Peer 1: 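Got a structure for you, written out below as C-alpha cells; questions coming shortly.
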Amino acid sequence: MADYDSDPTAAFDTAARQMGELMQRQAEATQGFFAAMAGGQMPAMPAAMEFPVPGAGAGQPDWAALGQQLQAMWGDYRAMAPGSFGMGSMNMAAVNPAQPFADPARFQRFFDDWWKQMPIADPGRQQELVNESVKLWQDVLGQFTGGMAALAGDEEPDLPRKDRRFADPKWRQQPMFALIHQTYLMLAERIGAMVDEVEGLTPEQRDKLRFSTRTVLEALSPDHFPMTNPLVLERTMQTGGQNLVKGMEHLIADLKKGQLTHVDPEAFEVGRNIATTPGKVVHETPLYQLIQYSPTTDKVLETPLVIFPPWINRFYILDLNEKKSFVRWAVGQGISTFMVSWKSADETLAEVTWDDYIAAQIDAIDHIRERLGVKDVHTIGYCVAGTTLAATLSVLEAKGEAEKVKSATFFTAQVDFEKAGELKVFIDDAGLDALKQSAPDGYVDGRVMAATFNMLRGTDLIWNYVVNNYLMGEDYPAFDLLHWNGDVTNLPAKWHQQYLRELYRDNLLVKPGAVSALGEKIDLARVTTPSYVQAGREDHIAPAESVFRVTDHFASPVTFMLAGSGHIAGVVNPPGSGKYQYWTNDGEYGSLAEFVEGAQEHPGSWWPHWHQWLLSHGTKTVEAKGKRAPGGWKDQVLEDAPGRYVKAR
C-alpha cells in the first residue's frame with residue numbers, strides 16, 4: 001500500500017498509469033460512499049465502460065494510451081518540482097487550513113475527523129437511511145419504462161430533489177445518473193440535518209461542524225467525478241479523451257501558480273481594459289498611492305470624496321469598466337473623487353500594524369484637504385477599510401479633529417464581529433497559528449486568503465471550475481469580476497494576526513477603550529460623523545446582520561440601506577444595469593429584522609439614493625479647474641492612474 005503521508009502524490013501517480021482504472025475507482029468510490037451512508041444497500045453500478053452516454057461518438061478513447069499521456073504530463077510536472085505537492089513555490093495544503101483538497105492524505109484526515117463527529121454510524125439512523133434510500137430508488141426507477149430503460153419520447157422523470165449542479169437534462173435522461181444524483185442529494189440533505197443533532201457542542205463548534213459537513217458533501221458531489229458525470233462522459237467520448245488532456249494542462253498550470261484559474265489570464269490588463277477611469281497619482285507613501293480622478297463636469301462639489309478600498313483586494317473592483325465603474329459614475333455626478341491604492345505587502349511591510357492603516361487614512365484625508373484647500377472630505381470605507389474607517393473616526397474624535405470628515409459611508413463593513421458569519425470557523429488558535437506559520441517573511445500570501453474566501457462558496461468558486469477546467473477541458477471565459485477576484489494581494493502578517501485576534505475572535509472594537517491606535521483609546525460611541533451604511537442581503541463575507549450592528553455603536557445619525565445580492569454585486573450595481581434592488585426604512589427599527597419588516601423595496605441601483613444622501617450634507621459647487629483637474633499647469637503629479645502599486649504582485 002502506498003505511503004500517502006510520505007508521498008501524497010502516490011494516489012495520483014497510480015491512478016494516472018491506467019485512466020480506465022482511475023475512472024472505475026471513482027465510480028466505485030461514489031458507490032461506496034452511498035453504500036456507507038445507507039447500510040450497504042446501494043444497487044451495484046455498471047462497470048465504468050458500460051455507462052450509457054447519450055449523444056456520444058461511436059468510438060471510445062484508447063484508455064491505456066490516454067493514461068500513459070496523462071502520466072507523462074504529471075511526471076514532467078513532478079520532475080520540475082520534486083518532492084512537492086504544493087502549489088507554485090508554497091505548499092498550500094500545509095499552510096492553509098481552509099484548503100485540504102490539494103493533498104489526498106490531508107483530505108483523508110479531514111474526512112476521518114469529520115466522520116467521527118457525525119452520528120451516521122448509529123444503527124437506527126442507518127436503518128432510516130436504508131428505508132428512505134430504497135423508497136427513493138423505487139420511485140426513481142419506477143418512472144422509467146421497463147425499470148432501467150429510458151423514458152419514452154421526450155418525457156422526463158419527476159424527480160423529488162432539484163439542484164442547479166444537476167440541471168442539465170442528461171442527469172435525468174438515464175436512470176443510473178438520475179439515481180446517482182438523487183441519492184446524493186437525499187443523503188446530503190439528511191447528513192446536513194444531523195449537525196443539529198450532535199450533542200455537547202458549543203455554538204462555535206457546531207458552526208465549524210456545519211461548515212465541515214458542507215465542505216465534505218460538496219467535495220463528494222457526483223458531478224466532480226468523470227464516471228458519474230454524464231456531461232464529462234459525453235465530452236470524453238466525443239473528444240477521444242482530449243478534454244482530460246486539456247484539463248490536465250489546466251491543473252498543472254494552476255499548481256504551478258498556486259491558484260485556481262477562473263478566467264482567461266490574458267483577457268484583462270489593468271490600465272488597458274480595466275481600471276481605466278482617467279486620473280493621476282498625486283501622492284505616495286510606502287503603504288499607499290493616492291489617485292485623483294479627472295473631472296468630467298464643469299463644476300464639482302466643493303467637498304471632495306476619498307474612497308478607502310480593502311487592501312485584501314485591488315481597488316479596481318470599483319472601476320472594472322466604463323459601465324460598472326462606481327468611480328466613473330461618481331465623477332460623472334460632479335464629485336471630486338480620490339481613491340487609495342494600497343501596496344501589496346512584501347517583506348518591507350512586515351512591521352505594519354493596524355495603526356499604520358489608520359494613520360494612512362488620516363494622511364490621505366489631510367493631503368486632500370491641503371491639496372484642494374478644503375476643510376473636510378466625504379469618505380467611503382469598503383469592507384476591512386470600512387472597519388478601519390470607523391476606528392479612524394474614533395481617533396479623530398479623540399484628537400479633536402472630527403471636523404475633517406463631513407460624512408462617512410460604509411460598504412459591507414463590520415465593527416461588531418459577534419455575527420461575522422462563516423469566516424469565523426477559521427479564527428481559532430489552530431487556524432491563527434497555521435496562518436502565522438505561513439508567513440515567515442512577514443506577509444501572508446494572497447493566495448491563502450483567496451482560497452479561504454473561495455471555500456465560503458465552494459460550489460460556485462471551486463468545484464464549478466474543477467468540472468469546467470479540469471474535467472470538461474473548456475476554454476477559460478473572459479469575465480472582469482472574476483479576474484479581479486483572482487488578482488490577489490499579500491497582507492502584512494502582523495496586521496493580519498492583530499485584526500483576526502482582536503476583532504474577529506475577541507470582538508474588542510465594540511468594547512470602549514479595549515483597543516488603541518495612534519495613542520488614543522478607540523470608543524465608537526464617540527463617533528458623531530453622519531454615516532451611511534450599506535449591507536448586502538446575501539453577503540457571505542460580511543453578513544447583513546453583522547453589518548447592521550454599526551447602527552448600534554455610533555452616536556452619529558446613521559442611514560442604513562440593505563442592497564440585494566452579496567459582498568461584491570451588492571455594491572457594484574450601477575444604474576442602468578437593471579439588476580437587483582434595495583430597501584430603505586424611514587421609520588424606527590432596532591434590528592435588521594425590524595428594518596426589513598417595515599422596509600420599502602426599490603428596484604435597481606442604490607447609487608442614486610446614496611448620492612441624494614451625500615447632497616443632503618452640502619450642495620455647494622466650485623469650478624473644476626486648477627488642482628481639481630489633476631495634472632494641469634503647475635500641478636506636480638507622480639504618474640497616470642491606475643499607478644504602479646495596483647500592478648505590483
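All values reported here derive from a predicted model rather than from experimental measurement.
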Peer 1: Under the ring pair (Phe, Tyr, Trp, His ring centres under 6.0 Å) test, which residues partner Phe453, sequence neighbours left out?
Peer 2: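 Per chain and number, Phe453 pairs via ring pair (Phe, Tyr, Trp, His ring centres under 6.0 Å) with no residue.
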Peer 1: Which heavy atom of Val547 sits nearest to which heavy atom of Ala535, and what is that distance?
Peer 2: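 For Val547 and Ala535, the tightest heavy-atom pair comes out as CG1-CB, 3.7 Å.
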Peer 1: Report yes or no: do Asp487 and Tyr316 form a side-chain donor-acceptor pair below 3.5 Å?
Peer 2: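 Yes, Tyr316 and Asp487 have a side-chain donor paired with an acceptor closer than 3.5 Å.
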Peer 1: Would you check if there is a donor-acceptor pair between the side chains of Asp254 and Thr261 at a distance under 3.5 Å?
Peer 2: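 There is such a pair (donor and acceptor under 3.5 Å, judged by atom type) between the side chains of Thr261 and Asp254.
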Peer 1: Quick check: does any side chain N or O of Asp356 sit under 3.5 Å from a backbone N or O of Thr353, one acting as donor and the other as acceptor?
Peer 2: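 Yes; at least one donor-acceptor contact below 3.5 Å.
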Peer 1: Is there a side-chain contact between Lys208 and Asp428 (heavy atoms, below 4.5 Å)?
Peer 2: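 Side chain of Lys208 against side chain of Asp428, heavy atoms only: contact under 4.5 Å found.
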Peer 1: Verify whether the ring centers belonging to Tyr357 and Phe308 lie closer than 6.0 Å.
Peer 2: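 So the answer is no for these two rings.
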Peer 1: Any chance the side chains of Tyr582 and Asn573 put a donor and an acceptor closer than 3.5 Å?
Peer 2: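 Absent: no donor and acceptor within the cut-off.
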Peer 1: Ion pair present between Lys324 and Asp319, side-chain N to carboxylate O less than 4.0 angstrom?
Peer 2: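 Answer for the salt bridge query: no.
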Peer 1: Walk me through it: do Arg190 and Glu128 pass the test salt bridge (charged side-chain N to carboxylate O under 4.0 Å, His left out)?
Peer 2: CA-CA 10 Å; Arg190 294 295 177 260; Glu128 291 176 10; over 6 Å; no
Peer 1: Would you confirm whether the ring centroid of Phe315 sits within less than 6.0 angstrom of the ring centroid of Trp342?
Peer 2: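 No: the rings miss the under 6.0 Å criterion.
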Peer 1: Does Phe411 have its ring centroid less than 6.0 Å away from the ring centroid of Trp606?
Peer 2: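 Yes - the distance between ring centres of Phe411 and Trp606 falls below the 6.0 Å cut-off.
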Peer 1: Between the main-chain N or O of Ala593 and the side-chain N or O of Glu597, is there a donor-acceptor pair closer than 3.5 Å?
Peer 2: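 No, the answer is negative, given that no donor and acceptor are paired below the 3.5 Å cut-off.
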Peer 1: Could you give me the CA-CA distance, side-chain angles and deciding distance for Val533 and Met561, then say whether side chain to side chain contact (heavy atoms under 4.5 Å, CB included) is met?
Peer 2: CA-CA 6 Å; Val533 176; Met561 184 277 300; over 6 Å; no
Peer 1: Indicate yes or no for a side-chain donor-acceptor contact from His483 to the backbone of Pro265 under 3.5 Å, with no hydrogens or angles considered.
Peer 2: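 Between the backbone of Pro265 and the side chain of His483 there is no qualifying donor-acceptor contact (under 3.5 Å).
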Peer 1: Give, for atom CG of Leu524 and atom CG of Leu393, the distance between the pair rounded to the nearest 0.5 Å.
Peer 2: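 These two atoms lie 9.0 Å from each other.
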Peer 1: Taking the side chain as every heavy atom from C-beta outward, state whether Cys383 and His567 have any atom pair closer than 4.5 Å.
Peer 2: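 The answer is yes; the side chains approach within 4.5 Å.
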Peer 1: Mind running side chain to side chain donor-acceptor pair (under 3.5 Å) on Tyr184 and Asp223 for me, showing each step along the way?
Peer 2: CA-CA 10 Å; Tyr184 165 78; Asp223 64 320; over 6 Å; no
Peer 1: Kindly compute the distance separating CG (Leu187) from CD (Glu132), expressed to the nearest 0.5 Å.
Peer 2: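 The distance works out to 8.5 Å.
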Peer 1: Determine yes or no for a side-chain-to-main-chain donor-acceptor pair under 3.5 angstrom, with Ser212 supplying the side chain and Leu209 the backbone.
Peer 2: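 Between the backbone of Leu209 and the side chain of Ser212 there is no qualifying donor-acceptor contact (under 3.5 Å).
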Peer 1: Report the C-alpha distance between Asp433 and Lys436 in whole Å, list the side-chain angles of each, state the deciding distance to 0.1 Å, and finish with yes or no for salt bridge (charged side-chain N to carboxylate O under 4.0 Å, His left out).
Peer 2: CA-CA 5 Å; Asp433 288 343; Lys436 189 174 183 178; over 6 Å; no
Peer 1: Does Gln534 use its side chain to pair, donor to acceptor, with the backbone of Thr412 at less than 3.5 Å?
Peer 2: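 Indeed, once roles are kept as given, a pair shorter than 3.5 Å links the two residues.
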Peer 1: Any non-hydrogen side-chain atom of Ser344 less than 4.5 Å from a side-chain atom of Tyr443?
Peer 2: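 No, side chains not in contact.
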Peer 1: Quick one: do Thr409 and Trp610 satisfy side chain to side chain donor-acceptor pair (under 3.5 Å)? Show the steps, please.
Peer 2: CA-CA 9 Å; Thr409 296; Trp610 168 81; 2.9 Å; yes
Peer 1: Tell me if the centroids of the rings in Tyr476 and His250 come within less than 6.0 Å of each other.
Peer 2: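 Yes - the distance between ring centres of Tyr476 and His250 falls below the 6.0 Å cut-off.
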Peer 1: Is there a donor-acceptor pair closer than 3.5 Å between any side-chain N or O of Arg537 and the backbone N or O of Leu562?
Peer 2: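 No, the answer is negative, given that no donor and acceptor are paired below the 3.5 Å cut-off.
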Peer 1: Could you give me the CA-CA distance, side-chain angles and deciding distance for Asp196 and Arg206, then say whether salt bridge (charged side-chain N to carboxylate O under 4.0 Å, His left out) is met?
Peer 2: CA-CA 8 Å; Asp196 292 327; Arg206 196 174 305 279; 5.0 Å; no
Peer 1: Between Lys162 and Leu159, is there a donor-acceptor pair closer than 3.5 Å when you use the side chain of the first and the backbone of the second?
Peer 2: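 Side chain of Lys162 to backbone of Leu159: a pair is present.
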Peer 1: Which of these, Val550, Leu503, Thr388, sits in a side-chain contact (heavy atoms from CB on, under 4.5 Å) with Val415?
Peer 2: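 Among Val550, Leu503, Thr388, the one meeting side-chain contact (heavy atoms from CB on, under 4.5 Å) with Val415 is Val550.
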Peer 1: To the nearest 0.5 angstrom, please state how far the CG atom of Asp539 sits from the CD1 atom of Ile541.
Peer 2: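 Reported value, rounded in 0.5 Å steps: 6.5 Å.
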Peer 1: Decide yes or no for Arg505 and Leu432: does some side-chain heavy atom of the first lie under 4.5 Å from some side-chain heavy atom of the second?
Peer 2: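 When only atoms from C-beta onward are counted, Leu432 and Arg505 do touch, with a gap below 4.5 Å.
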Peer 1: Could you check whether Thr392 and Gln361, counting side-chain N and O atoms only, form a donor-acceptor pair closer than 3.5 Å?
Peer 2: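 There is such a pair (donor and acceptor under 3.5 Å, judged by atom type) between the side chains of Gln361 and Thr392.
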Peer 1: Between Trp613 and Ser531, what is the shortest heavy-atom contact and its length?
Peer 2: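 For Trp613 versus Ser531, the nearest heavy atoms are CZ2-C, 3.5 Å.
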Peer 1: Pick from Val571, Ile307, Ile317: which one makes a side-chain contact (heavy atoms from CB on, under 4.5 Å) with Phe326?
Peer 2: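 The single option meeting the side-chain contact (heavy atoms from CB on, under 4.5 Å) with Phe326 is Ile307.
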Peer 1: Check for me whether the distance between the ring centres of Phe410 and Tyr532 falls short of 6.0 Å.
Peer 2: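 No, the ring centres sit 6.0 Å or more apart.
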Peer 1: For Asn485 and Asn454: C-alpha separation, side-chain torsions, deciding distance, then whether side chain to side chain contact (heavy atoms under 4.5 Å, CB included) applies.
Peer 2: CA-CA 9 Å; Asn485 186 64; Asn454 287 345; 3.7 Å; yes
Peer 1: Would you name the heavy atoms of Tyr465 and Asp460 that are closest together and state the gap between them?
Peer 2: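 So the two residues come closest at CE1-O, 3.1 Å.
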Peer 1: Answer yes or no: is there an ion pair linking Arg549 with Glu418, defined by an N-O contact shorter than 4.0 Å?
Peer 2: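 Salt bridge flag = yes for Glu418 with Arg549.
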Peer 1: In the structure I gave you, are the side-chain heavy atoms of Asn229 and Trp171 within less than 4.5 Å of one another anywhere?
Peer 2: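 Of all side-chain heavy-atom pairs linking Trp171 with Asn229, at least one is under 4.5 Å.
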Peer 1: Is the closest side-chain heavy-atom distance between Leu461 and Leu482 below 4.5 Å?
Peer 2: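 Leu461 vs Leu482: side chains touch.
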Peer 1: Okay, side chain of Ser394, backbone of Asp523: is any donor-acceptor separation there less than 3.5 Å?
Peer 2: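 Judged by distance alone, yes, a pair lies under 3.5 Å.
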Peer 1: Would you say the side-chain atoms of Asn507 pair up with the backbone N or O of Phe417, donor to acceptor, closer than 3.5 Å?
Peer 2: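 The answer is yes, because a donor-acceptor pair under 3.5 Å joins these two groups.
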Peer 1: Any luck finding a side-chain donor-acceptor pair between Asp346 and Asn490 under 3.5 Å?
Peer 2: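 Looking only at side-chain atoms, Asn490 and Asp346 do not form any donor-acceptor pair under 3.5 Å.
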Peer 1: Verify, without hydrogens or angle tests, whether Ser221 (side chain) and Leu217 (backbone) share a donor-acceptor contact under 3.5 angstrom.
Peer 2: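 Absent.
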Peer 1: Let me confirm one number: the CZ-CD distance from Arg447 to Gln259, rounded to the nearest 0.5 Å.
Peer 2: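 Atom-to-atom, Arg447:CZ and Gln259:CD are 7.5 Å apart.
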Peer 1: Pair Ser325, Asn321 - check side chain to side chain donor-acceptor pair (under 3.5 Å), show working.
Peer 2: CA-CA 6 Å; Ser325 174; Asn321 61 46; over 6 Å; no
Peer 1: Hey, are the side chains of Leu481 and Leu320 touching, using non-hydrogen atoms and a 4.5 Å cut-off?
Peer 2: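 Yes, their side chains come closer than 4.5 Å.
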Peer 1: Distance only, no hydrogens: is a donor on one side chain within 3.5 Å (strictly under) of an acceptor on the other, for Thr584 and His602?
Peer 2: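 Side-chain D/A pair, Thr584 to His602: present.
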Peer 1: Step through it carefully: locate the ring centre of Phe548, locate the ring centre of Phe560, and say whether they are under 6.0 Å apart.
Peer 2: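 They qualify: ring centres under 6.0 Å apart.
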Peer 1: Report yes if some heavy atom in the side chain of Trp354 is under 4.5 Å from a heavy atom in the side chain of Ile522; otherwise report no.
Peer 2: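 Touching, per the 4.5 Å side-chain cut-off.
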Peer 1: Is it true that Phe479 and His262 have ring centroids separated by less than 6.0 Å?
Peer 2: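 No.
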Peer 1: Classify the side-chain pair Gln414/Ser546 by whether it contains a donor and acceptor separated by less than 3.5 Å.
Peer 2: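 Yes, a side-chain donor-acceptor pair sits under 3.5 Å.
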